[in-house]
Number of protein chains: 2
Amino acid sequence: MAWQFDPDRPIYKQLRERILLKIVSGAYGAGAQLPTVRDLAEEAAVNPNTLQKALSELERDGLVHAQRTSGRFVTGDKALIKQAKNDLAKEQIDLFLKKMAAIGYNRQDAVVLIQTIEEAKPK
Amino acid sequence: MAWQFDPDRPIYKQLRERILLKIVSGAYGAGAQLPTVRDLAEEAAVNPNTLQKALSELERDGLVHAQRTSGRFVTGDKALIKQAKNDLAKEQIDLFLKKMAAIGYNRQDAVVLIQTIEEAKPK
DNA sequence: CCTATTGTGTTATTCACTTAATACAATAAC
DNA sequence: GTTATTGTATTAAGTGAATAACACAATAGG
């Protein structure tokens, strides 16, 4: 059940993003314990070092913190998580609108298309 | 005026995308001549080999074609360009909705946010 | 015919990412 | 106090992207 990665972006960035998404979406709740580096690495079918690198970044952002032998935990600061969620959403929207503009669709067009287009079929 | 690149994705992929966007948006019209590899490379402040790689992919897709000593030209097939534009838009929308879903927003939420959020300020 | 221009191919080097295989550090649990 | 568990650090090797510096191929234009 190895995770899927985009071969065109560093894996550790994608790992960071996936874990971040789990945090902001609530899949990993505030204060919850994360699986160990080794477990996560095995689940993702990735080298532990790579996962370590991803987690370091989240740690730098204050979203997770490590306790030497107990494991890693999501921050208990719900406001911080909410903030991260808002930032993430805004960033995605900006990127999306910029790209749609480059294609030739303004904001209105984009909204119409989103509502028109079919859901991508799950493979 | 070197172009800006995301350090986390191969430059040649980004070059391909930028040129593709210029084609589907009409900045490079159907049948129009592209700048030479060397000129484009200088403009982007990138190695000509890297640009070559990007253009090869567009060529493979039939969107541009090279004429040995005259230069490179955008395809005259407007239907193909339109098709590429639609595909690109659909792909962007799918990716966007997927990521928003991962953050915790469904399609309706996404639309509301798009209409709510301020335009990103040009830096 | 010559020559400049354009696309294309080759080789070498540098660098970041990733994996692998460990070793070390700290502490909770016993 | 010992031990197992967890995070952290180190070193080496392999891979692909990007750059650099060319050489070669084809042909439009004089």
Side-chain angles (χ1 to χ4, degrees), chain A residues 1-20 22-23 28-29 31-76, chain B residues 1-20 22-23 28-29 31-76:
Chain A
M1 175 72 73
W3 297 5
Q4 291 299 325
F5 298 106
D6 176 356
D8 291 336
R9 287 170 56 216
I11 295 179
Y12 79 94
K13 294 263 181 188
Q14 299 182 58
L15 290 169
R16 174 193 176 281
E17 183 178 84
R18 306 256 308 229
I19 296 168
L20 174 57
K22 286 199 173 184
I23 292 175
Y28 291 150
Q33 178 165 14
L34 296 174
T36 71
V37 180
R38 291 168 174 84
D39 284 349
L40 275 176
E42 187 178 16
E43 184 186 341
V46 151
N47 191 281
N49 300 352
T50 307
L51 231 142
Q52 174 83 14
K53 198 167 180 181
L55 289 170
S56 301
E57 299 206 355
L58 289 175
E59 195 138 3
R60 176 174 52 73
D61 298 336
L63 287 166
V64 307
H65 55 93
Q67 264 164 0
R68 199 61 177 177
T69 60
S70 311
R72 262 201 193 74
F73 299 86
V74 177
T75 178
Chain B
M1 173 74 74
W3 297 4
Q4 292 298 326
F5 297 105
D6 176 355
D8 292 336
R9 286 169 54 215
I11 294 181
Y12 78 93
K13 295 259 183 189
Q14 299 183 58
L15 289 169
R16 175 194 177 279
E17 182 178 85
R18 306 259 306 232
I19 296 168
L20 174 58
K22 286 200 173 187
I23 293 175
Y28 290 150
Q33 178 165 14
L34 295 175
T36 70
V37 180
R38 291 167 176 85
D39 284 349
L40 275 176
E42 187 178 16
E43 185 186 340
V46 151
N47 192 281
N49 299 354
T50 307
L51 231 142
Q52 174 83 15
K53 197 167 179 181
L55 288 169
S56 302
E57 298 205 356
L58 289 175
E59 196 138 5
R60 176 174 50 73
D61 298 335
L63 288 167
V64 307
H65 54 94
Q67 264 163 1
R68 200 60 177 177
T69 59
S70 311
R72 261 201 193 73
F73 300 85
V74 177
T75 179

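Lettering of chains follows the sequences in order, A, B, ..., and the numbering in each one begins at 1. Bear in mind that the values here come from a model prediction, so they are computed numbers and not experimental data. Side chains included, hydrogens not; waters and symmetry mates left out as well; all remaining heavy atoms used.
No more than 12 heavy atoms of other residues, nucleotides or ligands sit less than 6.0 Å from atom CD of B:E42. The 12-atom threshold is exceeded at CD of A:Q33, counting heavy atoms of other residues, nucleotides or ligands nearer than 6.0 Å.
Of the possible donor and acceptor atoms, one in the side chain of B:N47 sits under 3.5 Å from a partner among the backbone N and O of B:N49.
Within the 4.5 Å cutoff, no side-chain heavy atoms of B:I19 are placed close to those of B:L63.
Position along DNA chain D of the nearest nucleotide to A:Q67 versus B:I11 favours A:Q67 as the more 5'-ward residue.
Taking CD of A:Q67 as the start and CZ of A:R72 as the end, the distance is 11.0 Å to the nearest 0.5 Å. Note: A:W3 CH2 to A:E43 CD = 5.0 Å, rounded to the nearest 0.5 Å. Atoms CG and OG1, on A:L40 and A:T50 in that order, are 12.5 Å from each other to the nearest 0.5 Å. A:Q52 CD to A:L15 CG: the interatomic distance, rounded to the nearest 0.5 Å, is 12.0 Å.
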Shorter than 3.5 Å, N or O on both sides, protein versus nucleotides 10-15 of chain D: list them out with atom names.
{"unit_1": "D:dT10", "atom_1": "O4", "unit_2": "A:N49", "atom_2": "ND2", "d": "3.4"}

Between the protein and nucleotides 27-30 of chain C, list the N/O to N/O atom pairs that are separated by less than 3.5 angstrom.
{"unit_1": "C:dT27", "atom_1": "O4'", "unit_2": "A:T69", "atom_2": "OG1", "d": "3.3"}

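Separating the CZ atom of B:F73 from the C1' atom of C:dT6 is a distance of 10 Å, rounded to the nearest angstrom. In this structure, CD of A:E42 is placed 14 Å from P of D:dT5, rounded to the nearest angstrom. In this structure, CZ of A:R9 is placed 11 Å from P of C:dT18, rounded to the nearest angstrom. Taking atom CZ of A:R16 as the reference point, atom P of C:dC17 lies 14 Å away to the nearest angstrom. Atoms CD (A:E59) and C1' (D:dT8) sit 11 Å apart, rounded to a whole Å. Remark: C1' of D:dA18 and CH2 of B:W3 are 17 Å apart, rounded to the nearest angstrom. Between the CD atom of B:Q14 and the C1' atom of D:dA18 there is a distance of 13 Å, given to the nearest Å. For A:N47 and D:dG7, the CG to C1' distance is 15 Å, given to the nearest whole Å.
Residues from residues 50-58 of chain A with heavy atoms under 4.0 angstrom of DNA chain C, sorted by number: A:T50, A:K53. Applying a 4.0 Å cut-off to non-hydrogen atoms, the residues of residues 34-41 of chain B that approach DNA chain C are B:T36, B:V37, B:R38, listed by residue number.
Across B:L34, B:L20, B:T75, a single residue satisfies side chain to side chain contact (heavy atoms under 4.5 Å, CB included) together with B:V64, and that is B:L34.
Listed by first then second residue, pairs satisfying side-chain hydrogen bond (donor to acceptor under 3.5 Å, both in side chains) with a partner in residues 5-14 of chain A read A:D8-B:K13, A:K13-B:D8, not counting sequence neighbours. Counting only residues at least two apart or on different chains, the salt bridge (Lys or Arg N to Asp or Glu O under 4.0 Å) pairs with a member in residues 46-58 of chain B are B:R16-B:E57, B:E57-B:R60.
Note on A:Y12: every side-chain N or O is 4.0 Å or more away from OP1 and OP2 of C:dT18.
Nearest approach of A:Y28 to A:A32, heavy atoms of both residues: C-CB, 4.5 Å.
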